[in-house]
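The block underneath contains the structure these notes are about, expressed in structure tokens.
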Amino acid sequence: MRISSMPFHDFLNRISLKAVQHLYTMERKLVSSSLKSVIARNPRVSIDLSILEERLWKCQKLKDFLQIHAQMTVSGFINDSFAASRLLSFCTGFHFLALDYSRQLLNQIENSNTFSWNTIMRAYVRRNVPQCCLPLYRLMLKCDLVPDNYSHPIVLQACCLRFCVDARFLFDESPVLDSVTWNSILAAYVQIGDVDESVYIFDNMPERNTIASNSMIALFGRSKLVEDARKLFDEMTSKDTVSWTAMISCYEQNEMFREALELFTLMRVCGIQIDEVVMVSVLSACASLGATKEGEAIHGLIIRIGIQTYVSLMNSLIHMYLSYRNINAAELLFDLGYSDQISWNIMISGYLKCGFVDKARHSFDSMPRKDLVSWSTMISGYAQHGRSSDTLALFHEMQIRGVRPDETTLVSVLSACTNLFALEQGKWVHAYIRKHAFQINLFLGTTLVDMYMKCGCTMTALEIFDEMEETSISTWNALILGLAMNGFFKEALEKFSNMERCGVLPNETTFVGVLGACRHGGLVDKGWEYFNSMKNIYNLEPNIKHYGCMVDLLGRAGLLNDAKKLIKDMPIAPDVSTWGALLGACKKHGNTDIGERVGRKLIEFEPQHDGFHILLSNIYASEGKWDNQMEVRSVMKKRKVVKIPGCSIIEADGNVHEFLSGDNVHPQMNEIEKILNEMARN
DNA sequence: GTAGGGTTAG
């Protein structure tokens, strides 16, 4: 009887392997379709070691892997313990499959060997779930398998990652330590990023081998200790490809992209063998630099030396082209079909960065398997494009599907709540964080401070700030801006001094908060002082928000001429908020129709400018000229201008519009000045 | 007969 003529379930019953059942429940749809297609195309499946090697070498997609697995199951080749362990070790490094799949595969193998168990345990350590390692080790002993000299270092690493002191005891008490054990314990400290302990182990190693030095360079790189890394690199007597790669990636991770490219050039000059891993870092450096020429040259190099079929390399190339906004090149590469989980995630994030939100969603919906990064990318993409209700909806869907978010996901969701002023949802997420005992890290803490501040809950925001162990300039900015926004101008300025005392350097955003506080407090002298210190002390160029704020501060204090002069002298084009501030000042002088005339003039200059329509509409409203306001509103309606709720004239338009693109002359000012002078004469 | 160290996506 031909297998292909049987219904699928009959087939399953007939071969009655527990394994296929497992497989079937795990990836129901995909497996059933892949098994079906294997059976349909290949009724008498035959496979041996060389075919397996060849197929694994070519295996790039989930479907490819499932076919191999199915084929091995059907043919019974899975019971060959060597072949099974080959399949398993490939599986643990395959990004389209969750680790559970490998674990189930281990169950399926009837005569598994120590190698297979080691492979899974190592994967647990690598994928940061060391807690699964020890139970597996116990099970291994129960199954009468004898651990070998590879097993113990892995278990040691796992223990070390969980409870360092225990593992350390084992290590310290061990009578015989080979270099594998030394490297393992070092690797464990390196993985948790414990620089002090790693250096201690490294210094006490009987012999510093290349492997240990390489992982130390990587650790220094991740810990921002570039100079230590370089020192060690220079001191090494024998450097291999990995050493060079570690140093180049150290530069890359610390945003020293030029240095990374220079070292790569030197590496080639020195005739060191280059491989796909070093290319990944180099391509990433090119992407960050926006160095299209270099990137394309390296693409050529990749084709010439023939390592174009490595998935991680493909991914880096796709990522690079997306960062150059070269969607076509990225799609061409992606469509070659060497994709894995990461390729899909890269495409989605690339589409989002280029503003193609719906395209991203389409990819998201059509990818074979979504992992946490896929969900986070899409959710944060929605959040960053202001599509806050989509953000919350997708987060909701994620939970329905039972995918557990991590800190990054929660940051995106909270920022969406902030944009929507959705305090209740934000509080719900905060409660979720507490309930699931998430650590309030730097990013999560900063986002919470920002959310509570923007929703007016100053005290809650302050409490969270005080509880934070680590802060950054963004945290201080959220705090200072928030205090200023909520009317606590004294406190905002106090926090600014605290920040300076802590040695944190302010940036442009900080001064938006500081000047905002001065504006709220009507502190003209202080305002000038900070405004000048921005340039003179901190070497920061004031932007439109700073000018707008100063114009408003001066205008409110009745210093109309100073405000006018500031607008005239400013090196960048005034935006709608700046003009709004000036109009507010005019109004304060009691001249009611001046705003209207300036508003109309501005629209005449820039009829496409949504902000000016909002401005004029607000002016009419403040003067009680409802008919006129209706008139402007009907124009706005035609132009589909959305009025931002709760915004005053000053914040009528949250975005900075440059109505004279790139041009520093403001011809409007002359016209408007005439009107203002007329007003002054009256 | 494969296994340690270096990499890419939010």
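Chain letters run A, B, ... following the sequence lines, proteins first and then strands; every chain starts at 1.
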Rounded distance (Å) that lies between atom P of B:dT8 and atom CZ of A:F94: 20 Å
Listing, residues 218-227 of chain A side-chain donor-acceptor contacts under 3.5 Å, not counting sequence neighbours, or none:
residue	atom	partner	partner atom	Å
A:R222	NH1	A:V190	O	3.4
A:S223	OG	A:L219	O	2.8

message: In this structure, how many angstroms lie between the P atom of B:dG10 and the CD atom of A:E407, rounded?
response: 17 Å
Steps toward side-chain contact (heavy atoms from CB on, under 4.5 Å) verdict (A:T409, A:W375): CA-CA 8 Å; A:T409 323; A:W375 286 96; 5.5 Å; no
message: I need the CG-P distance between A:L317 and B:dA9, as an integer number of Å.
response: 13 Å
- prompt: Of all of residues 339-358 of chain A, which get a heavy atom below 4.0 angstrom from DNA chain B, listed by number?
  reply: A:I342, A:N345, A:I346, A:S349, A:K353
- prompt: Which pairs, with at least one residue in residues 396-408 of chain A and sequence neighbours excluded, count as a salt bridge (charged side-chain N to carboxylate O under 4.0 Å, His left out)?
  reply: A:R361-A:E397, A:E397-A:R401
message: Please encode protein proximity along nucleotides 1-6 of chain B as a string of B, S and -, counting only heavy-atom distances under 4.0 Å.
response: BBBBBB
query: Between A:M367 (CE) and B:dA9 (P), how many Å, whole number?
result: 15 Å
- prompt: ring-ring contact (aromatic ring centres under 6.0 Å, His included) with A:F257: which residues, sequence neighbours excluded?
  reply: none
Listing, residues 442-450 of chain A side-chain donor-acceptor contacts under 3.5 Å, not counting sequence neighbours, or none:
residue	atom	partner	partner atom	Å
A:T446	OG1	A:L442	O	2.6
A:T446	OG1	A:T475	OG1	2.9
A:T447	OG1	A:F443	O	2.6
A:D450	OD1	A:K454	NZ	3.1
A:D450	OD2	A:K454	NZ	3.3

message: Contact list please: residues 291-305 of chain A against DNA chain B, heavy atoms, distance less than 4.0 Å, in numerical order.
response: none
query: What is the nucleic acid contact for A:S376, judged by heavy atoms within less than 4.0 Å: base, sugar-phosphate only, or nothing?
result: base
Qualifying salt bridge (charged side-chain N to carboxylate O under 4.0 Å, His left out) pairs, either residue in residues 272-296 of chain A, two or more places apart: A:R258-A:E294
- prompt: Taking only residues two or more places apart in sequence, or in another chain, which ones meet A:E53 in a salt bridge (charged side-chain N to carboxylate O under 4.0 Å, His left out)?
  reply: A:R86
- prompt: Only one of A:L283, A:V242, A:L263, A:I248 forms a side-chain contact (heavy atoms from CB on, under 4.5 Å) with A:V278, so which one is it?
  reply: A:I248
task: Name the nucleic acid region contacted by A:S380, choosing base, sugar-phosphate or nothing; use a 4.0 angstrom heavy-atom cut-off, strictly under.
output: sugar-phosphate
- prompt: Atom OH of A:Y338 to atom P of B:dA9: distance rounded to whole Å?
  reply: 22 Å
query: Does the B:dT7 base have a donor-acceptor partner in the side chain of A:H319 within less than 3.5 Å?
result: no
query: Does A:D203 have any salt bridge (charged side-chain N to carboxylate O under 4.0 Å, His left out) partners at least two apart in sequence or in another chain, and if so, which?
result: A:R208
- prompt: Contact class for A:I248 (heavy atom, under 4.0 Å): base, sugar-phosphate, or nothing?
  reply: nothing
message: Nearest whole Å is fine: how far is B:dT7 P from A:N315 CG?
response: 15 Å
- prompt: So which pairs with a foot in residues 338-359 of chain A pass salt bridge (charged side-chain N to carboxylate O under 4.0 Å, His left out), sequence neighbours left out?
  reply: A:E331-A:K359, A:D358-A:R387
Qualifying ring-ring contact (aromatic ring centres under 6.0 Å, His included) pairs, either residue in residues 317-341 of chain A, two or more places apart: A:H299-A:Y321, A:F334-A:W344
